[in-house]
Asks: 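Here you go, one structure.
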Amino acid sequence: MTSANFGGHNWGMVVDIDKCIGCQACVIACQAENNVPLNTQDRVERGRSISWIRIERYWEGDFPDTKARFIPIMCQHCENAPCEPVCPVFATYHNSEGLNVQVYNRCVGTRYCANGCPYIVRFFNYWEPVWPETLRNHLNPDVTVRSRGIMEKCSFCVHRIRRATRTARSQDRQLLDGEIQTACSSACPTSALNFGNFNDPNSKVSTMRKDQRHYTLLDQFATEPNVIYLAKVDTDRKVGAGEAASHG
Amino acid sequence: MSTRSMLGLFQQPEPAADAMDGLKEAGFELGSFDVLTGVPYPEGAFGEYVPQHRLFRFPAFGAIIGFTLAVFLTSVTQLAYPVVTGGKPILSLFAMLIIMYEMTMLSAVIASVFGIIFESRLPNMKPGIYDPRITEGWIGVVITFDDDSRVADAEGVFNRAGAVEIKHAS
Amino acid sequence: MQQRRSLDQAYTNRKLLNGQLDTPKWWAPTVIVLGILVLIGIGVISVMINKGLGVTGLSRPVFWGLFITTFVFWVGISHAGIMISAILRLTQAEWRRPVTRAAELLTVFSLLTALVFPLIHAGRPWRIAYWIMPYDFGRGIYPNIRSPLIMDPVAIGTYLTGSTLFLYVALLPDLANLRDRTKGWRNSLYTVLALGWRGNPRQWKMQTVGGILLSALMLPIFVSVHSIVSWDFAVVPAVEGWHSTIFAPYFVIGAVHSGVSAVVTMMALMRWLWKWDDFIRPEHFDALARLLIVVATGWLGFTFLELIFALYGQDAPEIALREMQMFTWPWNMLFIIFFLTAYLIPVPMWLFKRVRTNIALMFWTSILVNIGMWLERFLIIVPGLARRTPFVYTWDSYRPSAVEWTIFIWSFAWVTFLMLLFSKFFPLVPLFEQKESQVFTDDVMIGRAKVPAVLREAD
Amino acid sequence: MASEAVAQGHEAEHHALPAQVAPDVVARELVATTMGASGRFKAIAWTLGVLSIAGIVALVLKWLDQSDDSTRWGYVAALLSFLLSVAGGAPMVAMAPVMAKANWVRPVTRIAAMFSFASIVTIITLIPLVAILPPLVTEGARRRTIWFEAPDYSPHIWSIVGLVLLLITGIGLFYSAAIPDFASMRDHSMGWRQRWGKKFARGWVGTDSQWRTLRMRIGMFGTFYFLILVFVNFLITTDFGQSMVPGWRDAIFPMYHSISSFQAGVAAIVIALWAARRYMHLEKYVHVDAFWSLGRLLFALTLLWVYFFYSSFIVFWYGRSATDISTLNLLIRGPMMYAFIAAIILIWFVPWWILIWNKVRRSVNGMAIGAAVILVGVLIDRIRIFVPAWSVPPDQIHEKWLTKIPGTVYPDIFDILIMAGGISLAVLIILLMTRVIPVLSVWQVQEFNLLSKPIKYVRGQATMIAKPD
């Protein structure tokens, strides 16, 4: 039960695990698009790397017939997001388009939301972000550079959504299906990542989510994610929480 | 208004009580004389009249104030800028209850502290005649006169009761 | 149990006011040393605020660490005060008298210290104005009432205000006493603070009735505070080790366990430092230890329930977490120390009256308990976060950095510093309660037997 | 001592203290209360007897009729839990004087201890339930219980053992405190009572060593009783409650159950005291003081109940994982919502508003009303918990969480008869006990008078209460 009214749009994503080849293109695209600081070696070692989308890799089966399984994980933009109500300053909340938005100005950095997130897709800026001199001019002007001491996470490339909406309004027309592509989905070579509007019954994602392979991650938390996964076809078992733990 | 007052000091409770009785018999009206101790003695130990108080009204009053304030704070602030978080209702009663509870208790405590200080007739920057030895265990019987004529018989009562010392003040 | 000797009130004054009237020699040097420690701590804190939380050992997913642990620890200690002074006042336990004020002091100062930690552990401490006191109408946005992090400051603020006022009200008669014993500027200070207290029946009645009333009001607050702190953790379903309904009473009773132990530690110190052997007597330690045995055993029961129902679900992640907490290095080592120090060593020792009445032993055992209780919070918070989630790229462990340890030590120096500073100006043992116990306790002859008896006013 | 006490008797009026009565008078008068039975007493006893027989018959019939369908047994389970709460919780007060050295409680202990006999009824209700309890393993899946890998009969065997132990220690607690009174029955009564007194007094003459062993026994049985009570509460609440509902994982629930069981126990004692005072004319011994103290206890327990309830509720409501939601939907929002609201009102809200007034807590009838309200509330609370819990069909019992919330189960004629019968049997047992032994412990009333005496402090009135170690 949620009291957010999704006027026109309810943005979401359908991830077809069957198509994912684990090439990490989405990770790089996201990094470049959203001004995510570089994950230098020491940051990764200290467990402070930031990657809004990550490819989890699991091994399935025993040698010799071992299969590599990939599953891209980004913010699931849950309807009942456990990260939202715990924030004392409304720095993260659910907007009317079904996005779980992070307001950098409000954030004081209690990191409570990060504890609340079962998918662990929220990241804290322990240091001021720094870029090598050569990359200074590559920063995306549409995206805030997050200062230290605040949380950040996948925003479904909200700036792209805004720009597309503005364009559509200026040409006074409705947004077309597939007009908006997030950085990761546009970078995906196998189009495993599909972004779209779940409120539009005949949008691509709406049709895809009707697929009988569909499932959501960690459903025991009843978070009602807006990211739907389609299971791999060569096995009826879902790549998800269940055997991920066993392969850990 | 009290023109002058007198303090009789006793070392033991018994004589002090005698003095109180004596004053009663001598016909001084209750309330014009009182006993000062450094220790809380059981109520009525000196046959003094038991003071009436309305202490318990203060916390009740405070609680009501605090509760209304809390209801206002928790509901109005949420409605003023409705933000949906995690699909919880804008007015999440069970979260608000906790805040209401705390604020109710807080103002109840503050009110009752005011009550305690007020009901002990404090602060009183002109306490009147007093002796430091009272906090060393001596017991003082203090009496205020409207007319000086009766000072003598009060003094008599004190002496008969065995006052160690008698102080005067105007 | 309590051998009563009658103490002359003048003597009581002289002895119990020795902190104020003639300062002991050790006082100044100790305060200076502590002051230096405090300054160092404050320096480190400002460095951390300046550089950012990168200087801590925190990482992802261990977003909370030593600071929050210490915060919970100090909130726990703060439960000593009301436990001793309110519950024991309502149950009319005579032996509470010498310790009530020190306990309430511990409450106030440890709460002040506890409050610091969530603030400095925030990512942008200069912005917490929006979190704690956010009513900045220009922004038009108000704090999120639904967040446990709003309930925390409200509850702790209530508790802090309440116990400070409680402390002051109970201080009035002793302030009057000091007023009568001092000269010069201190005299005028105490005169103002004592509000012209004279000690007539009305004032004494207010003192007693008000004490009971305030105790009755503080008690529910006392329970609610640590419950709300525990809900910070319990309401988070994502962390298996935290999402347990028993947390509220479990934390409260654990807090009482550590708080009362802290009071024991402090009583021993007071007896040694100010030479109050006549007032803080072995039977007081004995009574507190009996109380502690009950509390500790109850706490053990809750621990058992918490564990049983964690495993009860029989879900893989939960069991994995518990296994890590108890059987994986380094947590297993911490867990063993925690269990030994929090229960297995002290409680069996307290079963012997010889131990209960031995001040030195009580001192050390009570310190053990608090080591254990700190570890308990650490073992709940950190392994709970450092657990193995289904997502293999998010596992990490946690080792507190030097900065965190310094600030941790600072908190202890800070509390002691405040305590000593207070002891310079106000008596740590409530004189009037001490004297009152002289009036209200007596021995009655039943047949030939001399039986200790207490005097109850007819209500 | 005694004469002096009598001399001060007239002062005792404006004290909250029982009139001081000479020990021999106490013995004779209290023993006299056991003799004979008024017409009203007989009538009540007979009606209760008939009801209890009807209840037992109904239980047997229900067993023959519905033994295959566990979803129909919720009300019996609720009755079991209720009786366990009252009959198990009340005797806890019987050990208070030893533990807390509280003087006011001494005259009350006998009534409290008598309740432990009512545990017989608890065991009667347990028998069919144990037989009907679904197995730990259904369709190869092991349901969530505290018996992780234990064999299938574990819950049954342990709950039986626990309840029997509870009964035994309860009776032990009763008897060890009753020996001196059997002695005074022997000395002051005639007929079979005297013979029984002779038998059970076991040569009690009140030597110093006898008293020491007596106190030791009370302390021992009291401690055991407490531990076993907590243990039994834990077993019954998990095996007959939580583990019947997939996804109901409430670590606080055993504690919640124990707390409200103490609450119900104290409430029952208040009512029993009220009855004894009213119909046995014991005003001289059961003084308002006892009600005053019991009232404070009851008030504290009422607040504690709401605290325990809220601590579990807020975690479910806020956490809102799939299991949390299903639990709330079953137990609170679900089939028994109205019962739940009634329980909240009767256990917490109404008593809170009644007992907060000193006037009420100082009055006998006011206390009785508050206690009665609480008892009804606890019964309803048990129903709203255990009926939905049992109404979960056994084929869903091993799921991760409850996907389909079952509908409300209404009591059939059997259930109504069984509940009425069970409760009246418990009451009947206690009524009959009052014929066997004084409803107030003679020696403890004497001790009470001995230890607390009104004194004159300078000019004021006060009470000296001796606290022997």
Side-chain angles (χ1 to χ4, degrees), chain A residues 43 46-51 54-58 71 73 82-91 93 103 105-128 147-151 217-218 220-223 240-248, chain C residues 49 51-64 68 118 121-132 134 139 141-153 232-233 235-239 242 315-317 320 381 384-385 388-398:
Chain A
R43 288 197 175 195
R46 293 289 297 102
R48 292 167 178 178
S49 60
I50 298 180
S51 57
R54 64 174 189 266
I55 305 281
E56 293 278 355
R57 192 250 297 112
Y58 306 108
I71 170 168
I73 294 179
C83 59
E84 285 169 358
V86 298
C87 176
V89 291
F90 283 124
Y93 74 100
V103 185
N105 295 346
R106 291 181 196 158
C107 181
V108 300
T110 66
R111 309 196 283 298
Y112 198 178
C113 52
N115 294 338
C117 176
Y119 308 93
I120 318 195
V121 288
R122 296 183 145 268
F123 305 86
F124 183 70
N125 290 276
Y126 284 94
W127 300 109
E128 281 296 345
S147 73
R148 84 166 139 95
I150 62 175
M151 301 301 302
L217 283 185
L218 305 185
Q220 68 266 36
F221 293 113
T223 53
E243 78 261 21
S246 62
H247 285 262
Chain C
I49 291 176
K51 288 262 180 302
L53 284 172
V55 299
T56 63
L58 296 167
S59 67
R60 170 170 151 274
V62 189
F63 289 98
W64 287 0
I68 297 300
H121 111 294
R124 302 201 289 185
W126 55 92
R127 288 293 210 101
I128 51 176
Y130 292 127
W131 161 19
I132 307 297
R139 271 162 92 238
I141 181 165
Y142 303 96
N144 179 3
I145 296 297
R146 284 154 252 160
S147 165
L149 287 192
I150 290 302
M151 302 162 193
D152 266 357
D232 290 356
F233 307 102
V235 299
V236 175
V239 186
W242 290 1
D315 313 324
I381 293 170
L385 289 172
R388 299 187 143 206
T389 60
F391 306 115
V392 287
Y393 285 4
T394 59
W395 299 345
D396 198 2
S397 187
Y398 169 68

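Convention: sequence-line order gives letters A, B, ...; per-chain numbering from 1.
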Asks: Examine whether an atom of A:F221 lies under 4.5 Å from a heavy atom of chain C, and if so say whether it belongs to the side chain, the backbone or both; otherwise answer neither.
Replies: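 Contact with chain C is through the side chain of A:F221 alone.
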Asks: Taking atom CG of C:N144 and atom CZ of A:R106, what is their separation to the nearest 0.5 Å?
Replies: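 Between C:N144 CG and A:R106 CZ, I get 10.5 Å after rounding to 0.5 Å.
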Asks: Chain C heavy atoms under 4.5 Å from A:S51: which part of the residue, side chain, backbone, both or neither?
Replies: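 Looking at A:S51, nothing touches chain C.
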Asks: So, the side chain of C:R124 versus the backbone of A:C107: is there a donor-acceptor pair under 3.5 Å, distance only?
Replies: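 The answer is yes, because a donor-acceptor pair under 3.5 Å joins these two groups.
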Asks: Against chain A, work out which of C:A122, C:G123, C:G384, C:P237 has the most heavy-atom pairs shorter than 4.5 Å and name it.
Replies: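 Of the candidates given, the most pairs with chain A belong to C:G123.
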Asks: If I measure from the heavy atoms of chain A, does C:T56 come under 4.5 Å with its side chain, its backbone, both, or neither?
Replies: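 Looking at C:T56, backbone and side chain both touch chain A.
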Asks: Nearest 0.5 Å, what's the CD-CZ distance between A:E84 and C:R146?
Replies: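 Between atom CD of A:E84 and atom CZ of C:R146 there are 10.0 Å.
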Asks: So for A:I50, is it side chain, backbone, both, or neither that comes closer than 4.5 Å to the heavy atoms of chain C?
Replies: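 Contact with chain C: none, neither part.
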Asks: Shorter than 4.5 Å, heavy atoms on both sides: which option in A:G149, A:G116, A:S147 has the most such pairs with chain C?
Replies: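 That would be A:G149.
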Asks: If you look at every heavy atom in A:N115 and C:L385, which pair is closest and at what distance?
Replies: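 Scanning both residues, the minimum pair turns out to be OD1-CD2, 3.4 Å.
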Asks: Could you walk me through whether C:Y142 and A:F90 pass side chain to side chain contact (heavy atoms under 4.5 Å, CB included), step by step?
Replies: CA-CA 8 Å; C:Y142 303 96; A:F90 283 124; 5.7 Å; no
Asks: Any heavy-atom pair between the side chains of C:R60 and A:F124 that's under 4.5 Å?
Replies: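 They are not in side-chain contact.
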Asks: Taking C:V55's backbone N and O only, do any of them form a donor-acceptor pair with A:W127's side chain (distance below 3.5 Å, no angle check)?
Replies: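 Judged by distance alone, no pair lies under 3.5 Å.
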Asks: Name the member of A:P118, A:P88, A:A114, A:G109 that forms the most heavy-atom pairs with chain C at distances under 4.5 Å.
Replies: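 Among A:P118, A:P88, A:A114, A:G109, the one with the most close pairs to chain C is A:P88.
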Asks: Can you name the closest pair of heavy atoms from C:S59 and A:G47 and give their distance?
Replies: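 Nearest heavy atoms, C:S59 then A:G47: CB-O, 3.6 Å.
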Asks: Find out whether C:F391 and A:I71 are in side-chain contact, i.e. whether some heavy atom of one side chain is under 4.5 Å from a heavy atom of the other.
Replies: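 They are not in side-chain contact.
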Asks: Let me see the working for A:Q220 and C:D315 under side chain to side chain contact (heavy atoms under 4.5 Å, CB included), right down to the final yes or no.
Replies: CA-CA 11 Å; A:Q220 68 266 36; C:D315 313 324; over 6 Å; no
Asks: Could I get the full list of side-chain hydrogen bond (donor to acceptor under 3.5 Å, both in side chains) partners for C:Y398, not counting sequence neighbours?
Replies: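 For C:Y398, the residues satisfying side-chain hydrogen bond (donor to acceptor under 3.5 Å, both in side chains) (neighbours in sequence not counted) are C:E404.
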Asks: Think A:R122 forms a cation-pi with C:F63, using NZ or CZ under 6.0 Å from the six-ring centre and within 45 degrees of its axis?
Replies: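 Output no; distance or angle outside limits.
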Asks: Please report the closest heavy-atom contact between A:Y126 and C:V62, naming both atoms and the distance.
Replies: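 Shortest heavy-atom separation between A:Y126 and C:V62 comes out as OH-O, 4.3 Å.
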Asks: If the condition is side-chain contact (heavy atoms from CB on, under 4.5 Å), which residues does A:R46 pass it with, not counting sequence neighbours?
Replies: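 Counting only residues at least two positions away or on another chain, A:R46 forms a side-chain contact (heavy atoms from CB on, under 4.5 Å) with A:R48.
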Asks: Side-chain contact, heavy-atom cut-off 4.5 Å: A:V89 with C:R127?
Replies: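 Sidechains of C:R127 and A:V89: no contact.
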Asks: Tell me, side chain or backbone of A:Y119 under 4.5 Å from chain C's heavy atoms, or both, or neither?
Replies: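 For A:Y119, the contact with chain C is made by backbone and side chain together.
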Asks: With chain A, which of C:P148, C:P153, C:P125, C:P118 has the greatest number of heavy-atom pairs at distances under 4.5 Å?
Replies: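 Going by pairs under 4.5 Å, I would pick C:P148.
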Asks: Let me know if C:I49 has heavy atoms under 4.5 Å from chain A in its side chain, its backbone, both or neither.
Replies: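 The backbone, not the side chain.
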Asks: Which heavy-atom pair separates A:C117 from C:A238 by the least distance, and what is that distance?
Replies: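 Distance-wise, the nearest heavy atoms are C-CB, 3.9 Å.
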